[in-house]
Amino acid sequence: MGSMAINLQILFSGLAIGAVYALVALGFVLIIRATNVVNFAQGDFAMLGAFSMMTMLGALHLPYWLGLLLTLVVMAVFGVIFNYGVYYPLRNRSFLPVIISTLGASVFLQNSVLAVFGPQPKPLEKLLNTPGVQIGGVFLDSQYLVIMFVTAIAVAFQYFFFEHTLLGKKLQATSQDKDMARLLGIPVAWMIAITFIYSATLGGLAGVLIGPVLFVSIGMGSIIALKAFSATIIGGFGDVTGAIVGGLLLGVVESFAAAHISVPYKDAFAFLLLFVFLLFRPQGIFGEKISEKA
């Protein structure tokens with residue numbers, strides 16, 4: 001029974017961390033689908049969200065709900081700036097200059113935050129003051145419960161938004177075929193801008209959720225981005241469901257590897273999982289095989 005409780009505890013922790021990877025992976029997927037470009041600054045959206053929330057609570061002493069709301073507004077505005085400053089000027093070029101520009105933006109953001117906040121990792125306040133609840137032999141940490149609850153709400157909202165609203169259907173049409181969407185009168189540039197806004201907000205939310213667990217630091221975005229990008233490949237490159245499942249799977253594998261094999265090498269096991277998928281199922285869990293063109 002003790003062993004069962006320990007494994008349930010590890011599974012719970014893994015699902016919570018994986019939920020954060022899934023949120024950031026969703027941001028990756030949405031931008032990939034809308035622009036055919038990988039945004040390597042996606043993890044830095046999480047870092048910015050965490051630092052913004054820390055400022056709202058620490059420097060401005062705002063209530064938690066107001067700090068969170070303003071952080072999401074800040075991230076939405078940043079999404080607009082990122083779209084028009086990083087992606088839009090290079091939109092008609094090949095994907096490589098855009099990818100390089102997102103990498104440059106990532107370096108710029110990390111150094112800007114370093115200059116303002118310094119290199120020292122900082123704590124972030126939890127939403128709930130209680131440490132958590134004990135159910136049988138399993139302790140459910142309050143922040144992990146918040147992470148899983150908010151992620152479930154975000155995924156449900158995304159499903160409803162894309163499947164049952166006109167704007168969501170326009171965004172889907174843009175992601176599937178920009179030229180056809182343009183012919184149908186859909187303002188493609190606006191749709192891509194909205195995708196960046198939504199993606200930045202998701203990233204910022206992920207940063208706020210994981211901040212109390214990891215501490216808020218300059219490098220947190222890079223770590224999360226690598227895991228989230230791995231999750232998109234494991235789940236199926238460009239697949240929304242795959243991003244969620246890939247993120248959760250990666251979190252669980254990482255947690256079990258840390259508990260049963262080695263804590264310092266837990267990241268290595270996450271990337272070993274990625275390597276196995278690239279070797280035996282490169283299209284990912286939900287990806288379809290694409291035949292090579294002659």
Side-chain angles (χ1 to χ4, degrees), residues 9-34 38-50 75 141 143-159 161-162 175 195 198-214 219-259 266-278 281-287:
Q9 182 79 62
I10 297 163
L11 178 65
F12 172 70
S13 303
L15 287 172
I17 299 297
V20 172
Y21 298 157
L23 276 181
V24 179
L26 273 177
F28 266 121
V29 166
L30 291 170
I31 290 177
I32 288 165
R33 286 168 67 102
V38 177
N39 173 25
F40 282 109
Q42 187 66 34
D44 296 297
F45 292 172
M47 175 196 69
L48 284 175
M75 293 310 300
D141 183 276
Q143 187 61 25
Y144 285 171
L145 286 170
V146 167
I147 289 171
M148 293 170 80
F149 177 74
V150 173
T151 301
I153 296 282
V155 169
F157 168 78
Q158 180 161 318
Y159 174 78
F161 177 66
F162 279 98
S175 74
T195 303
Y198 186 58
S199 182
T201 309
L202 269 183
L205 180 63
V208 170
L209 292 172
I210 200 67
V213 178
L214 289 184
M220 69 182 285
S222 302
I223 298 163
I224 294 170
L226 279 170
K227 302 288 179 58
F229 184 58
S230 300
T232 64
I233 295 169
I234 289 167
F237 201 65
D239 189 275
V240 173
T241 309
I244 298 162
V245 173
L248 294 173
L249 180 63
L250 205 61
V252 169
V253 166
E254 193 179 274
S255 291
F256 273 98
K266 70 182 175 70
D267 292 344
F269 285 100
F271 294 119
L272 181 63
L273 178 67
L274 172 62
F275 178 73
V276 168
F277 266 91
L278 287 172
R281 191 174 170 82
Q283 73 269 32
I285 298 170
F286 294 96

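For the single chain, residues carry numbers from 1 onward in sequence order. Because the structure is a prediction, the values reported are computed rather than measured.
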Among pairs that include at least one residue of [range], which meet salt bridge (charged side-chain N to carboxylate O under 4.0 Å, His left out), considering only residues two or more places apart or in two chains?
{"range": "residues 16-25", "result": "none"}
{"range": "residues 10-19", "result": "none"}
{"range": "residues 9-24", "result": "none"}

Review point. Listed by chain and number, what are the side-chain contact (heavy atoms from CB on, under 4.5 Å) partners of Ala258, not counting sequence neighbours?
Key: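 Residues passing side-chain contact (heavy atoms from CB on, under 4.5 Å) with Ala258: Val263, Lys266.
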Check your understanding: Does any non-hydrogen side-chain atom of Val150 lie less than 4.5 Å from one of Val208?
Key ->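 In short, these two side chains do not touch, never coming nearer than 4.5 Å.
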Check your understanding: Between Leu202 and Leu30, is any pair of side-chain heavy atoms under 4.5 Å apart?
Key ->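 Yes; the side chains approach each other to less than 4.5 Å.
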Check your understanding: Just wondering, more than 12 heavy atoms not from Phe271 lying within 6.0 Å of its CZ?
Key ->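 For Phe271, atom CZ is crowded (more than 12 foreign heavy atoms under 6.0 Å).
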Donor-acceptor pairs under 3.5 angstrom involving side-chain atoms of residues 11-25: please list them, not counting sequence neighbours.
residue: Ser13; atom: OG; partner: Gln9; partner atom: O; Å: 3.1
residue: Tyr21; atom: OH; partner: Lys227; partner atom: NZ; Å: 3.4
residue: Tyr21; atom: OH; partner: Glu254; partner atom: OE1; Å: 3.2
residue: Tyr21; atom: OH; partner: Glu254; partner atom: OE2; Å: 3.0

Throw together a table of side-chain donor-acceptor distances under 3.5 angstrom for residues 234-252, partners on residues two or more places apart or in other chains.
residue: Asp239; atom: OD1; partner: Thr241; partner atom: N; Å: 3.1
residue: Asp239; atom: OD1; partner: Gly242; partner atom: N; Å: 2.7

ring-ring contact (aromatic ring centres under 6.0 Å, His included) against [X], all qualifying residues, sequence neighbours excluded:
{"X": "Phe161", "value": "Phe157"}
{"X": "Phe40", "value": "Phe229"}
{"X": "Phe256", "value": "His260"}

Review point. Got a sec, which residues hit side-chain hydrogen bond (donor to acceptor under 3.5 Å, both in side chains) with Tyr144, two or more places apart in sequence or on another chain?
Key: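 Tyr144: no side-chain hydrogen bond (donor to acceptor under 3.5 Å, both in side chains) contacts found.
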Check your understanding: Is there a side-chain contact (heavy atoms from CB on, under 4.5 Å) between Val213 and Ile147 once you walk through the steps?
Key -> CA-CA 10 Å; Val213 178; Ile147 289 171; 4.2 Å; yes
Distance, nearest 0.5 Å, that separates [atom1] of [X] from [atom2] of [Y]:
{"X": "Phe28", "Y": "Arg33", "atom1": "CZ", "atom2": "CZ", "answer": "16.0 Å"}
{"X": "Leu214", "Y": "Ile224", "atom1": "CG", "atom2": "CD1", "answer": "5.5 Å"}
{"X": "Ser230", "Y": "Leu272", "atom1": "OG", "atom2": "CG", "answer": "11.5 Å"}

Show me the side-chain donor-acceptor pairs of residues 41-49 shorter than 3.5 Å, one per line, residues at least two apart or across chains.
residue: Gln42; atom: OE1; partner: Asn39; partner atom: ND2; Å: 3.4
residue: Gln42; atom: OE1; partner: Ser199; partner atom: OG; Å: 2.8
residue: Gln42; atom: NE2; partner: Ser199; partner atom: O; Å: 3.1
residue: Gln42; atom: NE2; partner: Ser199; partner atom: OG; Å: 3.2
residue: Asp44; atom: OD1; partner: Gln110; partner atom: NE2; Å: 3.1
residue: Asp44; atom: OD2; partner: Ser106; partner atom: OG; Å: 2.4

Review point. Between Ala50 and Gly207, which heavy-atom pair has the shortest distance, and what is it?
Key: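 Minimum heavy-atom contact is CB-O, 3.6 Å.
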Exercise for review: Locate the shortest heavy-atom distance separating Gly204 from Met75; write the atom from each residue and the value.
Suggested key: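 Where Gly204 meets Met75 most closely, the heavy atoms are CA-CG, 3.8 Å.
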Practice item. Scan for side chain to side chain donor-acceptor pair (under 3.5 Å) pairs involving residues 148-158, sequence neighbours excluded, and state none if there are none. Key: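 Sorted result for residues 148-158: Gln158-Tyr198.
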